[in-house]
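Since the structure comes first, as C-alpha coordinates, the remarks are kept for the end.
Given the structure is predicted, the values throughout are model-derived calculations rather than measurements. Proteins get letters first, then strands, A, B, ... in listed order; numbering begins at 1 in each.
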There are 2 protein chains.
Amino acid sequence: MKSPQVRSPRKPKGQGAERREEILDAALRLFSEGDVHTVSTRQIAEAAGISQPALYAYFATKDDLIAELCVRAFARLKARMDDGRARWTPTPEMFDRAMMTYIDFALSEPDAYRVAFMVEKSHDGSFLARTGGRPMAAGMEAFQGFVAMIADLHAAGLTHDDDPLRLTQTLWAGLHGLVSLLIARSEFPWIERETLIAGHIAMLRRGALKG
Amino acid sequence: MKSPQVRSPRKPKGQGAERREEILDAALRLFSEGDVHTVSTRQIAEAAGISQPALYAYFATKDDLIAELCVRAFARLKARMDDGRARWTPTPEMFDRAMMTYIDFALSEPDAYRVAFMVEKSHDGSFLARTGGRPMAAGMEAFQGFVAMIADLHAAGLTHDDDPLRLTQTLWAGLHGLVSLLIARSEFPWIERETLIAGHIAMLRRGALKG
DNA sequence: GGTGATAAGTTATCAGTGATAGATTATCGC
DNA sequence: GCGATAATCTATCACTGATAACTTATCACC
(Lines give C-alpha, C1' and ligand atoms only; values in the text may rest on other atoms or scores of the structure.)
Protein backbone atom coordinates (compact mmCIF):
# COMPACT_ATOMS: atom_id res chain seq x y z
CA MET A 1 0.00 0.00 0.00
CA LYS A 2 2.39 2.74 -1.11
CA SER A 3 -0.09 4.80 -3.07
CA PRO A 4 1.62 8.00 -4.26
CA GLN A 5 -1.44 9.89 -3.06
CA VAL A 6 -2.75 12.85 -4.98
CA ARG A 7 -1.78 16.18 -3.47
CA SER A 8 -4.95 17.91 -2.37
CA PRO A 9 -5.46 21.36 -3.92
CA ARG A 10 -4.05 24.36 -2.15
CA LYS A 11 -6.57 25.97 0.15
CA PRO A 12 -7.83 29.48 -0.60
CA LYS A 13 -6.73 32.22 1.67
CA GLY A 14 -8.88 31.96 4.77
CA GLN A 15 -9.42 28.17 4.62
CA GLY A 16 -6.57 27.05 6.84
CA ALA A 17 -8.94 25.79 9.51
CA GLU A 18 -10.44 23.37 7.01
CA ARG A 19 -7.07 21.85 6.24
CA ARG A 20 -6.57 21.52 9.96
CA GLU A 21 -9.66 19.34 10.16
CA GLU A 22 -8.47 17.20 7.27
CA ILE A 23 -5.19 16.61 9.04
CA LEU A 24 -6.91 15.62 12.28
CA ASP A 25 -9.22 13.25 10.41
CA ALA A 26 -6.34 11.66 8.58
CA ALA A 27 -4.36 11.29 11.78
CA LEU A 28 -7.18 9.64 13.71
CA ARG A 29 -7.78 7.26 10.82
CA LEU A 30 -4.11 6.25 10.82
CA PHE A 31 -4.00 5.87 14.59
CA SER A 32 -6.57 3.12 14.29
CA GLU A 33 -4.01 0.95 12.53
CA GLY A 34 -1.10 1.41 14.86
CA ASP A 35 -0.26 3.27 17.98
CA VAL A 36 0.55 6.91 18.13
CA HIS A 37 4.29 6.38 17.94
CA THR A 38 4.37 4.08 14.95
CA VAL A 39 2.41 6.54 12.82
CA SER A 40 4.80 9.14 11.43
CA THR A 41 4.19 12.75 10.55
CA ARG A 42 5.07 11.86 6.97
CA GLN A 43 2.28 9.27 6.87
CA ILE A 44 -0.18 11.75 8.32
CA ALA A 45 0.87 14.40 5.84
CA GLU A 46 0.57 12.03 2.91
CA ALA A 47 -2.87 10.91 4.03
CA ALA A 48 -3.90 14.55 4.31
CA GLY A 49 -2.45 15.28 0.88
CA ILE A 50 0.24 17.72 1.92
CA SER A 51 3.97 17.70 2.53
CA GLN A 52 5.26 16.78 5.95
CA PRO A 53 6.54 20.21 7.02
CA ALA A 54 3.15 21.70 6.11
CA LEU A 55 1.79 20.00 9.22
CA TYR A 56 3.80 22.40 11.32
CA ALA A 57 1.82 25.34 10.00
CA TYR A 58 -1.17 23.89 11.85
CA PHE A 59 0.38 22.18 14.84
CA ALA A 60 3.48 23.20 16.72
CA THR A 61 4.45 19.59 17.40
CA LYS A 62 3.17 16.10 16.83
CA ASP A 63 2.15 16.01 20.48
CA ASP A 64 0.01 19.09 19.94
CA LEU A 65 -1.79 17.33 17.13
CA ILE A 66 -2.41 14.36 19.40
CA ALA A 67 -3.53 16.67 22.19
CA GLU A 68 -6.10 18.18 19.88
CA LEU A 69 -7.47 14.72 19.05
CA CYS A 70 -7.55 14.07 22.77
CA VAL A 71 -9.58 17.22 23.46
CA ARG A 72 -12.05 16.33 20.74
CA ALA A 73 -12.47 12.81 22.02
CA PHE A 74 -13.26 14.14 25.46
CA ALA A 75 -15.74 16.56 23.92
CA ARG A 76 -17.54 13.74 22.13
CA LEU A 77 -17.62 11.66 25.29
CA LYS A 78 -19.08 14.60 27.18
CA ALA A 79 -21.69 15.11 24.46
CA ARG A 80 -22.79 11.50 24.71
CA MET A 81 -22.95 11.56 28.48
CA ASP A 82 -24.91 14.84 28.43
CA ASP A 83 -27.28 13.31 25.91
CA GLY A 84 -27.99 10.54 28.35
CA ARG A 85 -28.48 13.01 31.17
CA ALA A 86 -31.35 14.69 29.32
CA ARG A 87 -33.85 12.02 30.39
CA TRP A 88 -32.03 11.16 33.58
CA THR A 89 -33.60 10.23 36.90
CA PRO A 90 -31.68 8.76 39.81
CA THR A 91 -32.75 5.12 39.54
CA PRO A 92 -30.82 1.84 39.28
CA GLU A 93 -32.07 1.40 35.73
CA MET A 94 -30.72 4.77 34.67
CA PHE A 95 -27.47 3.97 36.48
CA ASP A 96 -27.09 0.95 34.25
CA ARG A 97 -27.82 3.05 31.18
CA ALA A 98 -25.23 5.64 32.14
CA MET A 99 -22.58 2.97 32.59
CA MET A 100 -23.55 1.52 29.25
CA THR A 101 -23.27 4.91 27.58
CA TYR A 102 -19.64 5.20 28.68
CA ILE A 103 -18.78 1.68 27.56
CA ASP A 104 -20.58 2.17 24.26
CA PHE A 105 -18.62 5.31 23.54
CA ALA A 106 -15.29 3.65 24.24
CA LEU A 107 -16.04 0.57 22.16
CA SER A 108 -17.64 2.40 19.26
CA GLU A 109 -14.78 4.89 18.99
CA PRO A 110 -11.86 2.86 20.31
CA ASP A 111 -9.27 4.99 18.52
CA ALA A 112 -10.59 8.18 20.03
CA TYR A 113 -10.76 6.52 23.42
CA ARG A 114 -7.19 5.26 23.13
CA VAL A 115 -5.88 8.69 22.21
CA ALA A 116 -7.82 10.37 24.99
CA PHE A 117 -7.22 7.95 27.85
CA MET A 118 -4.45 5.59 27.00
CA VAL A 119 -1.64 7.66 25.54
CA GLU A 120 1.16 7.85 28.03
CA LYS A 121 1.55 11.43 29.00
CA SER A 122 2.74 11.01 32.52
CA HIS A 123 6.15 12.49 32.99
CA ASP A 124 7.45 16.01 33.27
CA GLY A 125 9.20 17.03 30.06
CA SER A 126 6.81 15.23 27.80
CA PHE A 127 3.27 15.44 26.61
CA LEU A 128 1.16 17.09 29.25
CA ALA A 129 3.64 19.70 30.34
CA ARG A 130 4.07 20.98 26.80
CA THR A 131 0.47 20.85 25.64
CA GLY A 132 -0.68 22.92 28.58
CA GLY A 133 -3.62 21.58 30.54
CA ARG A 134 -5.97 21.63 27.58
CA PRO A 135 -6.70 17.92 27.22
CA MET A 136 -6.85 17.67 30.99
CA ALA A 137 -9.40 20.50 31.17
CA ALA A 138 -11.53 18.82 28.50
CA GLY A 139 -11.32 15.57 30.41
CA MET A 140 -12.42 17.26 33.62
CA GLU A 141 -15.44 18.70 31.87
CA ALA A 142 -16.51 15.27 30.66
CA PHE A 143 -15.98 14.01 34.19
CA GLN A 144 -18.21 16.67 35.76
CA GLY A 145 -21.40 15.25 34.26
CA PHE A 146 -20.50 11.93 35.81
CA VAL A 147 -19.96 13.57 39.20
CA ALA A 148 -23.38 15.23 39.02
CA MET A 149 -25.11 11.94 38.22
CA ILE A 150 -23.60 10.13 41.13
CA ALA A 151 -24.39 13.08 43.40
CA ASP A 152 -28.03 12.70 42.33
CA LEU A 153 -28.02 9.05 43.24
CA HIS A 154 -26.39 9.89 46.55
CA ALA A 155 -28.96 12.61 47.29
CA ALA A 156 -31.71 10.09 46.53
CA GLY A 157 -30.21 7.87 49.22
CA LEU A 158 -29.40 5.09 46.77
CA THR A 159 -25.64 4.77 47.22
CA HIS A 160 -23.66 2.68 49.67
CA ASP A 161 -20.70 5.03 49.75
CA ASP A 162 -21.26 8.17 51.77
CA ASP A 163 -18.69 10.08 49.69
CA PRO A 164 -20.12 10.66 46.21
CA LEU A 165 -16.83 11.92 44.79
CA ARG A 166 -15.04 8.81 45.93
CA LEU A 167 -17.77 6.67 44.41
CA THR A 168 -17.52 8.57 41.14
CA GLN A 169 -13.78 8.07 40.88
CA THR A 170 -14.17 4.43 41.80
CA LEU A 171 -16.86 3.81 39.18
CA TRP A 172 -14.96 5.66 36.51
CA ALA A 173 -11.94 3.47 37.27
CA GLY A 174 -14.16 0.41 37.06
CA LEU A 175 -15.45 1.39 33.64
CA HIS A 176 -12.08 2.45 32.32
CA GLY A 177 -10.50 -0.81 33.40
CA LEU A 178 -12.91 -2.87 31.38
CA VAL A 179 -12.91 -0.85 28.17
CA SER A 180 -9.20 -0.14 28.18
CA LEU A 181 -8.40 -3.82 28.51
CA LEU A 182 -10.96 -4.79 25.86
CA ILE A 183 -9.43 -2.24 23.50
CA ALA A 184 -5.75 -2.77 24.23
CA ARG A 185 -5.77 -6.52 24.92
CA SER A 186 -8.30 -7.74 22.43
CA GLU A 187 -6.30 -10.94 21.97
CA PHE A 188 -6.92 -11.97 25.59
CA PRO A 189 -9.36 -14.91 25.87
CA TRP A 190 -12.28 -12.83 27.02
CA ILE A 191 -15.65 -14.44 27.55
CA GLU A 192 -18.37 -13.31 25.18
CA ARG A 193 -18.27 -9.51 25.15
CA GLU A 194 -21.92 -8.65 25.81
CA THR A 195 -22.12 -11.13 28.65
CA LEU A 196 -18.98 -9.67 30.16
CA ILE A 197 -20.23 -6.10 29.89
CA ALA A 198 -23.61 -6.97 31.39
CA GLY A 199 -21.89 -8.75 34.26
CA HIS A 200 -19.53 -5.86 34.79
CA ILE A 201 -22.29 -3.30 34.98
CA ALA A 202 -24.26 -5.53 37.33
CA MET A 203 -21.24 -5.82 39.59
CA LEU A 204 -20.70 -2.06 39.59
CA ARG A 205 -24.38 -1.49 40.40
CA ARG A 206 -24.34 -3.91 43.32
CA GLY A 207 -21.12 -2.32 44.54
CA ALA A 208 -22.43 1.20 44.27
CA LEU A 209 -26.17 1.11 44.99
CA LYS A 210 -28.25 -0.19 47.86
CA GLY A 211 -30.85 -2.88 47.39
CA MET B 1 22.95 14.83 33.68
CA LYS B 2 25.14 13.94 30.71
CA SER B 3 27.66 11.76 32.54
CA PRO B 4 30.09 10.23 30.06
CA GLN B 5 29.58 6.96 31.93
CA VAL B 6 32.45 4.60 32.50
CA ARG B 7 32.41 1.62 30.18
CA SER B 8 31.85 -1.47 32.25
CA PRO B 9 34.55 -4.13 31.87
CA ARG B 10 34.17 -6.74 29.19
CA LYS B 11 32.54 -9.90 30.46
CA PRO B 12 34.48 -13.19 30.58
CA LYS B 13 33.54 -15.83 28.08
CA GLY B 14 30.42 -17.44 29.50
CA GLN B 15 29.06 -14.39 31.32
CA GLY B 16 26.80 -12.99 28.64
CA ALA B 17 23.68 -13.70 30.64
CA GLU B 18 24.94 -11.41 33.38
CA ARG B 19 25.30 -8.48 30.99
CA ARG B 20 21.78 -9.22 29.81
CA GLU B 21 20.53 -8.63 33.35
CA GLU B 22 22.45 -5.38 33.61
CA ILE B 23 20.81 -4.17 30.41
CA LEU B 24 17.33 -5.07 31.63
CA ASP B 25 17.96 -3.34 34.95
CA ALA B 26 19.23 -0.22 33.25
CA ALA B 27 16.27 -0.19 30.88
CA LEU B 28 13.65 -0.53 33.61
CA ARG B 29 15.34 2.23 35.58
CA LEU B 30 15.20 4.55 32.58
CA PHE B 31 11.61 3.65 31.78
CA SER B 32 10.61 5.08 35.14
CA GLU B 33 11.55 8.55 33.92
CA GLY B 34 9.78 8.53 30.59
CA ASP B 35 7.72 6.23 28.51
CA VAL B 36 9.09 3.38 26.52
CA HIS B 37 9.31 5.38 23.30
CA THR B 38 11.17 8.37 24.66
CA VAL B 39 13.95 6.21 26.08
CA SER B 40 16.42 5.40 23.31
CA THR B 41 18.59 2.34 22.85
CA ARG B 42 21.60 4.65 23.12
CA GLN B 43 20.48 5.78 26.57
CA ILE B 44 19.92 2.20 27.64
CA ALA B 45 23.33 1.17 26.33
CA GLU B 46 25.07 4.05 28.04
CA ALA B 47 23.35 3.28 31.33
CA ALA B 48 24.43 -0.33 30.96
CA GLY B 49 27.99 0.73 30.14
CA ILE B 50 28.22 -0.64 26.60
CA SER B 51 27.88 0.65 23.08
CA GLN B 52 24.46 0.85 21.49
CA PRO B 53 24.90 -1.93 18.90
CA ALA B 54 26.07 -4.26 21.67
CA LEU B 55 22.46 -4.38 22.85
CA TYR B 56 21.62 -6.32 19.74
CA ALA B 57 23.81 -9.18 20.80
CA TYR B 58 21.35 -9.74 23.65
CA PHE B 59 18.03 -8.66 22.17
CA ALA B 60 16.93 -8.94 18.57
CA THR B 61 14.98 -5.68 18.78
CA LYS B 62 14.05 -3.01 21.29
CA ASP B 63 10.58 -4.56 21.45
CA ASP B 64 12.13 -7.85 22.47
CA LEU B 65 13.89 -6.12 25.33
CA ILE B 66 10.60 -4.58 26.42
CA ALA B 67 8.86 -7.92 26.04
CA GLU B 68 11.39 -9.46 28.40
CA LEU B 69 10.70 -6.77 31.01
CA CYS B 70 7.02 -7.49 30.49
CA VAL B 71 7.47 -11.21 31.13
CA ARG B 72 9.44 -10.51 34.28
CA ALA B 73 6.87 -8.08 35.58
CA PHE B 74 4.15 -10.70 35.12
CA ALA B 75 6.33 -13.22 36.90
CA ARG B 76 6.75 -10.92 39.90
CA LEU B 77 3.02 -10.24 39.99
CA LYS B 78 2.35 -13.96 39.91
CA ALA B 79 4.85 -14.52 42.72
CA ARG B 80 3.13 -11.95 44.90
CA MET B 81 -0.31 -13.32 44.20
CA ASP B 82 0.85 -16.88 44.90
CA ASP B 83 2.39 -15.68 48.13
CA GLY B 84 -0.97 -14.41 49.21
CA ARG B 85 -2.63 -17.66 48.22
CA ALA B 86 -0.46 -19.61 50.66
CA ARG B 87 -2.65 -18.67 53.63
CA TRP B 88 -5.79 -18.27 51.57
CA THR B 89 -9.31 -19.21 52.62
CA PRO B 90 -12.45 -18.15 50.74
CA THR B 91 -13.69 -15.37 53.00
CA PRO B 92 -14.59 -11.71 52.40
CA GLU B 93 -11.59 -10.62 54.47
CA MET B 94 -9.23 -12.63 52.31
CA PHE B 95 -10.94 -11.30 49.23
CA ASP B 96 -10.06 -7.79 50.35
CA ARG B 97 -6.49 -8.85 50.98
CA ALA B 98 -6.17 -10.37 47.54
CA MET B 99 -7.44 -7.20 45.89
CA MET B 100 -5.01 -5.22 47.99
CA THR B 101 -2.13 -7.45 46.94
CA TYR B 102 -2.76 -6.63 43.29
CA ILE B 103 -3.07 -2.91 43.92
CA ASP B 104 0.03 -2.94 46.11
CA PHE B 105 2.07 -4.59 43.41
CA ALA B 106 1.01 -2.11 40.77
CA LEU B 107 1.65 0.93 42.94
CA SER B 108 4.91 -0.30 44.43
CA GLU B 109 6.34 -1.21 41.03
CA PRO B 110 4.57 1.24 38.75
CA ASP B 111 7.23 1.03 36.06
CA ALA B 112 7.00 -2.73 35.86
CA TYR B 113 3.22 -2.51 35.83
CA ARG B 114 3.26 0.06 33.06
CA VAL B 115 5.54 -2.04 30.92
CA ALA B 116 3.51 -5.17 31.51
CA PHE B 117 -0.02 -3.84 31.18
CA MET B 118 0.03 -0.44 29.63
CA VAL B 119 2.39 -0.61 26.67
CA GLU B 120 0.38 -0.44 23.51
CA LYS B 121 0.87 -3.67 21.70
CA SER B 122 -2.43 -3.90 19.97
CA HIS B 123 -2.12 -4.15 16.24
CA ASP B 124 -0.90 -6.76 13.84
CA GLY B 125 2.51 -5.80 12.56
CA SER B 126 3.76 -4.49 15.84
CA PHE B 127 4.77 -5.66 19.26
CA LEU B 128 2.83 -8.78 20.09
CA ALA B 129 3.02 -10.39 16.70
CA ARG B 130 6.79 -10.12 16.62
CA THR B 131 7.55 -11.07 20.20
CA GLY B 132 5.59 -14.28 19.93
CA GLY B 133 3.08 -14.97 22.67
CA ARG B 134 5.67 -14.94 25.44
CA PRO B 135 4.47 -11.94 27.46
CA MET B 136 0.91 -13.06 26.88
CA ALA B 137 1.69 -16.54 28.22
CA ALA B 138 3.33 -15.04 31.30
CA GLY B 139 0.30 -12.85 31.80
CA MET B 140 -2.05 -15.79 31.56
CA GLU B 141 -0.09 -17.61 34.21
CA ALA B 142 -0.41 -14.69 36.61
CA PHE B 143 -4.10 -14.58 35.80
CA GLN B 144 -4.65 -18.26 36.60
CA GLY B 145 -4.08 -17.81 40.32
CA PHE B 146 -6.73 -15.15 40.28
CA VAL B 147 -9.16 -17.46 38.52
CA ALA B 148 -8.58 -20.15 41.13
CA MET B 149 -9.27 -17.76 44.00
CA ILE B 150 -12.56 -16.59 42.59
CA ALA B 151 -13.52 -20.18 41.84
CA ASP B 152 -12.95 -20.96 45.53
CA LEU B 153 -15.21 -18.12 46.57
CA HIS B 154 -17.81 -19.33 44.09
CA ALA B 155 -17.59 -22.89 45.37
CA ALA B 156 -18.09 -21.56 48.90
CA GLY B 157 -21.33 -19.97 47.70
CA LEU B 158 -20.12 -16.45 48.41
CA THR B 159 -20.37 -14.88 44.97
CA HIS B 160 -23.30 -13.15 43.33
CA ASP B 161 -22.24 -14.02 39.82
CA ASP B 162 -22.89 -17.61 38.81
CA ASP B 163 -20.07 -17.53 36.28
CA PRO B 164 -16.75 -17.40 38.16
CA LEU B 165 -14.71 -16.71 35.00
CA ARG B 166 -16.86 -13.73 34.17
CA LEU B 167 -16.50 -12.47 37.70
CA THR B 168 -12.74 -12.89 37.55
CA GLN B 169 -12.42 -10.89 34.34
CA THR B 170 -14.72 -8.25 35.74
CA LEU B 171 -12.75 -7.88 38.97
CA TRP B 172 -9.43 -7.81 37.17
CA ALA B 173 -10.77 -5.02 34.99
CA GLY B 174 -11.94 -3.21 38.09
CA LEU B 175 -8.51 -3.40 39.67
CA HIS B 176 -6.64 -2.53 36.51
CA GLY B 177 -8.80 0.50 35.92
CA LEU B 178 -7.93 2.00 39.26
CA VAL B 179 -4.20 1.36 39.26
CA SER B 180 -3.67 2.20 35.62
CA LEU B 181 -5.36 5.56 36.06
CA LEU B 182 -3.49 6.26 39.29
CA ILE B 183 -0.22 5.49 37.53
CA ALA B 184 -0.85 7.17 34.18
CA ARG B 185 -2.97 10.10 35.30
CA SER B 186 -1.32 11.01 38.57
CA GLU B 187 -2.02 14.69 37.90
CA PHE B 188 -5.78 14.10 38.06
CA PRO B 189 -7.36 15.55 41.23
CA TRP B 190 -7.82 12.24 42.95
CA ILE B 191 -9.18 12.10 46.48
CA GLU B 192 -6.74 10.88 49.09
CA ARG B 193 -5.21 7.70 47.75
CA GLU B 194 -5.74 5.29 50.64
CA THR B 195 -9.32 6.37 51.06
CA LEU B 196 -9.91 5.84 47.37
CA ILE B 197 -8.35 2.40 47.38
CA ALA B 198 -10.30 1.30 50.44
CA GLY B 199 -13.52 2.54 48.86
CA HIS B 200 -12.71 0.81 45.60
CA ILE B 201 -12.07 -2.52 47.23
CA ALA B 202 -15.24 -2.18 49.29
CA MET B 203 -17.21 -1.50 46.12
CA LEU B 204 -15.70 -4.49 44.36
CA ARG B 205 -16.47 -6.70 47.36
CA ARG B 206 -20.09 -5.62 47.53
CA GLY B 207 -20.38 -6.11 43.78
CA ALA B 208 -18.83 -9.56 43.85
CA LEU B 209 -19.79 -11.19 47.15
CA LYS B 210 -23.06 -11.86 48.89
CA GLY B 211 -23.90 -10.43 52.29
C1' DG C 1 53.30 -20.44 26.26
C1' DG C 2 51.89 -19.91 21.63
C1' DT C 3 47.59 -21.15 18.69
C1' DG C 4 43.21 -20.98 16.65
C1' DA C 5 38.20 -20.51 17.85
C1' DT C 6 34.83 -17.62 19.38
C1' DA C 7 32.36 -14.65 22.67
C1' DA C 8 32.04 -9.78 23.51
C1' DG C 9 32.49 -5.61 21.90
C1' DT C 10 33.75 -1.91 18.74
C1' DT C 11 33.24 1.93 14.83
C1' DA C 12 30.90 3.31 10.73
C1' DT C 13 26.78 3.56 8.48
C1' DC C 14 21.79 3.02 6.93
C1' DA C 15 16.97 4.45 6.29
C1' DG C 16 13.44 6.70 8.71
C1' DT C 17 11.87 10.12 12.50
C1' DG C 18 10.28 14.88 14.30
C1' DA C 19 11.41 19.41 13.45
C1' DT C 20 13.37 23.94 11.31
C1' DA C 21 15.02 27.44 7.70
C1' DG C 22 14.29 29.63 3.72
C1' DA C 23 12.58 29.91 -0.83
C1' DT C 24 8.26 29.62 -3.73
C1' DT C 25 3.62 29.94 -5.33
C1' DA C 26 -1.23 30.81 -5.27
C1' DT C 27 -4.76 33.87 -3.80
C1' DC C 28 -6.38 38.06 -2.10
C1' DG C 29 -7.73 43.45 -1.87
C1' DC C 30 -6.76 47.40 -4.39
C1' DG D 1 -1.45 44.44 -12.88
C1' DC D 2 0.64 45.00 -7.89
C1' DG D 3 2.22 44.32 -3.34
C1' DA D 4 1.06 41.54 0.76
C1' DT D 5 0.63 37.34 2.76
C1' DA D 6 -1.32 32.74 3.49
C1' DA D 7 -0.18 28.20 2.07
C1' DT D 8 3.09 25.41 0.83
C1' DC D 9 7.35 23.45 -0.92
C1' DT D 10 12.45 21.57 -0.98
C1' DA D 11 16.48 20.88 1.62
C1' DT D 12 18.36 19.84 5.76
C1' DC D 13 19.29 18.88 10.85
C1' DA D 14 20.04 15.93 14.88
C1' DC D 15 18.50 11.77 16.48
C1' DT D 16 16.29 7.02 16.28
C1' DG D 17 16.44 1.71 15.78
C1' DA D 18 19.07 -1.43 13.34
C1' DT D 19 22.90 -3.78 10.49
C1' DA D 20 27.62 -4.84 8.59
C1' DA D 21 32.14 -5.51 9.17
C1' DC D 22 35.90 -5.25 11.95
C1' DT D 23 38.66 -5.83 16.51
C1' DT D 24 39.96 -7.72 20.92
C1' DA D 25 39.84 -10.30 25.12
C1' DT D 26 39.27 -14.84 26.93
C1' DC D 27 39.23 -19.62 26.55
C1' DA D 28 40.67 -24.93 25.73
C1' DC D 29 44.35 -27.45 24.08
C1' DC D 30 48.88 -29.32 22.68
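Between D:dG17, C:dG9, C:dA19, one nucleotide has an atom nearer to the side chain of B:Arg19 than all others, and that is C:dG9. Of the candidate nucleotides D:dC9, C:dT17, D:dG17, D:dG17 has the atom nearest to the side chain of B:Gln52. Listed candidates were C:dT13, C:dT11, C:dG18. Nearest to the side chain of A:Thr41 is C:dG18. Among the nucleotides D:dT8, C:dT20, C:dT10, the one closest to any side-chain atom of A:Pro53 is C:dT20. The side chain of B:Lys62 lies closest to D:dA18 when the candidates are D:dT8, D:dA18, D:dC9.
The distance from atom CZ of A:Phe95 to atom CE of A:Met100, rounded to the nearest 0.5 Å, is 13.5 Å.
The distance from atom CZ of B:Arg20 to atom C1' of C:dG9 is 17 Å, rounded to the nearest whole Å. In this structure, OH of A:Tyr56 is placed 4 Å from C1' of C:dG18, rounded to the nearest angstrom. Look at CD on B:Glu22: it is 13 Å from C1' on C:dA8, rounded to the nearest Å. Across the protein-nucleic acid pair, A:Gln43 atom CD and C:dA19 atom P stand 15 Å apart, rounded to whole Å. Here D:dA18 presents its P atom at 10 Å from CG of B:Leu65, a figure rounded to the nearest Å. A:Ile66 has its CD1 atom 14 Å from the P atom of C:dT17, to the nearest Å. When the P atom of C:dG18 is taken as reference, atom CD1 of A:Ile50 falls 14 Å away, rounded to whole Å. Atom CG of B:Asp64 and atom C1' of D:dA18 are 13 Å apart (whole Å).
The residue B:Ser40 sits close only to the backbone: its heavy atoms come under 4.0 Å of sugar-phosphate atoms, none of a base. Note on B:Leu55: nothing from the nucleic acid sits closer than 4.0 angstrom, heavy atoms only.
Salt-bridge check for A:Arg72 with A:Glu109: failed, with every basic side-chain N at 4.0 Å or more from each acidic carboxylate O.
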- Evaluation steps, side chain to side chain contact (heavy atoms under 4.5 Å, CB included), between B:Met140 and A:Phe188: CA-CA 9 Å; B:Met140 284 304 296; A:Phe188 184 84; 3.4 Å; yes
- Audit row: A:Leu55, A:Ile44, side chain to side chain contact (heavy atoms under 4.5 Å, CB included) steps and yes/no: CA-CA 9 Å; A:Leu55 287 181; A:Ile44 296 171; 4.2 Å; yes
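In terms of phosphate contacts, B:Tyr58 brings a side-chain nitrogen or oxygen within less than 4.0 Å of OP1 or OP2 of C:dG9. OP1 and OP2 of D:dT8 both lie 4.0 Å or more from every side-chain N or O belonging to A:Ser51.
Checked against the 6.0 Å centroid threshold, B:Phe143 and B:Trp172 count as a close aromatic pair.
Each of A:Arg42 and A:Ala54 has a nearest nucleotide on DNA chain D; the 5'-most of these lies closest to A:Ala54.
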